[in-house]
Amino acid sequence: MSWTDERVETLKRMWAEGQSASAIAKELGGVTRNAVIGKVHRLGLSNRSDEPEPAPAPAPEPVAEKKADRKPAPTAQAPRPEPQPEPAAPAREETAEEEPVSQPVFTPVPRRPIVPAGQPLPPQPSANEISPETLASVREVEKRARKLTLMELTERTCKWPIGDPATDKFWFCGLPSQPGKPYCEAHVSVAFQPMSSRRDRRR
DNA sequence: CCCTGATTCGC
DNA sequence: GCGAATCAGG
């Protein structure tokens with residue numbers, strides 16, 4: 001395999017996306033991660049945070065007040081440390097503003113990163129019917145879970161989610177996954193059900 | 001042990 | 001230019 005324009009383009013794109021060299025190599029095929037890394041360096045884009053898109057600096061001052069500022073002329077050429085990014089205050093717009101609200105206590109909205117599943121991450125144990133023995137077995141296995149974070153998952157780690165994603169008690173099993181499967185043996189057994197036991201029940 | 005990128009150096 | 005081998009780390 002050679003580095004055709006197309007392949008180089010793919011390489012650049014994926015590298016820019018933060019993909020690992022091995023992932024890129026796998027995507028391209030016919031090359032090893034070493035080849036990818038070597039090419040990356042030759043292309044001179046090894047610096048991930050060079051300055052591809054330093055766009056994040058949106059003028060933090062929409063409309064500066066043109067009031068009579070008694071600020072002394074900015075003779076001081078001292079480099080401004082960093083414009084304090086003012087968190088956009090969530091505007092509280094009430095149609096009926098006559099609320100006897102004493103103190104505006106708005107919830108900070110603790111946005112918890114939702115997992116962008118790159119692959120179909122099947123479900124948590126649902127109301128399925130799993131034999132108590134299997135369930136107990138899984139429970140036991142989960143005690144020994146490696147408790148990996150999303151970023152720590154690889155193709156060889158069990159990706160079974162454990163716990164409540166909305167809390168800190170959330171992690172992934174992380175035990176050695178079955179070859180070709182996304183889960184460890186225990187979780188494979190509960191993940192891939194032959195969908196049989198469910199007899200149609202009339203309603 | 002699994003993985004990551006960085007570097008070297010014969011080709 | 002290429003990339004396997006190796007290095008240095010997590």
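What you see below is based on every heavy atom in this structure, not just the backbone, and it leaves out hydrogens, waters and symmetry mates.
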Please confirm whether the shortest side-chain N or O distance from [X] to OP1 or OP2 of [N] is below 4.0 Å.
X     : N     : value
A:S20 : B:dC3 : no
A:W3  : C:dG3 : yes
A:T32 : C:dA4 : yes

> In terms of heavy-atom contacts, does CD of A:E6 have more than 12 from other residues, nucleotides or ligands at under 6.0 Å?
Replying inline: no
>> What I want to check is whether the side chains of A:E142 and A:H187 have a donor and an acceptor closer together than 3.5 Å.
In response: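 Note: A:E142 and A:H187 side chains meet the donor-acceptor criterion.
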With a 4.5 Å heavy-atom cut-off, do [X] and [Y] have their side chains touching?
X      : Y      : answer
A:P161 : A:F172 : yes
A:I162 : A:F170 : no
A:T134 : A:S189 : yes

> With a non-hydrogen cut-off below 4.0 angstrom, is A:T157 in contact with a base, only sugar-phosphate, or nothing?
Replying inline: nothing
Nearest whole Å is fine: how far is [N] [atom2] from [X] [atom1]?
X      : N     : atom1 : atom2 : answer
A:N34  : C:dA8 : CG    : C1'   : 14 Å
A:K39  : B:dG5 : NZ    : P     : 17 Å
A:L43  : B:dG5 : CG    : P     : 15 Å
A:L11  : C:dG1 : CG    : C1'   : 14 Å
A:I37  : B:dA6 : CD1   : P     : 7 Å
A:F172 : B:dC2 : CZ    : P     : 22 Å
A:H41  : B:dT4 : NE2   : P     : 14 Å
A:E152 : B:dC1 : CD    : P     : 19 Å

>> Quick check for you: among B:dC3, C:dG3, B:dT7, whose closest atom lies nearest to any side-chain atom of A:R42?
In response: C:dG3
>> For C:dG3, does the base pair up with any side-chain atom of A:R33 as donor and acceptor (N or O, under 3.5 Å, distance only)?
In response: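 Looking at the base of C:dG3, it does not pair with any donor or acceptor on the side chain of A:R33 (distance under 3.5 Å).
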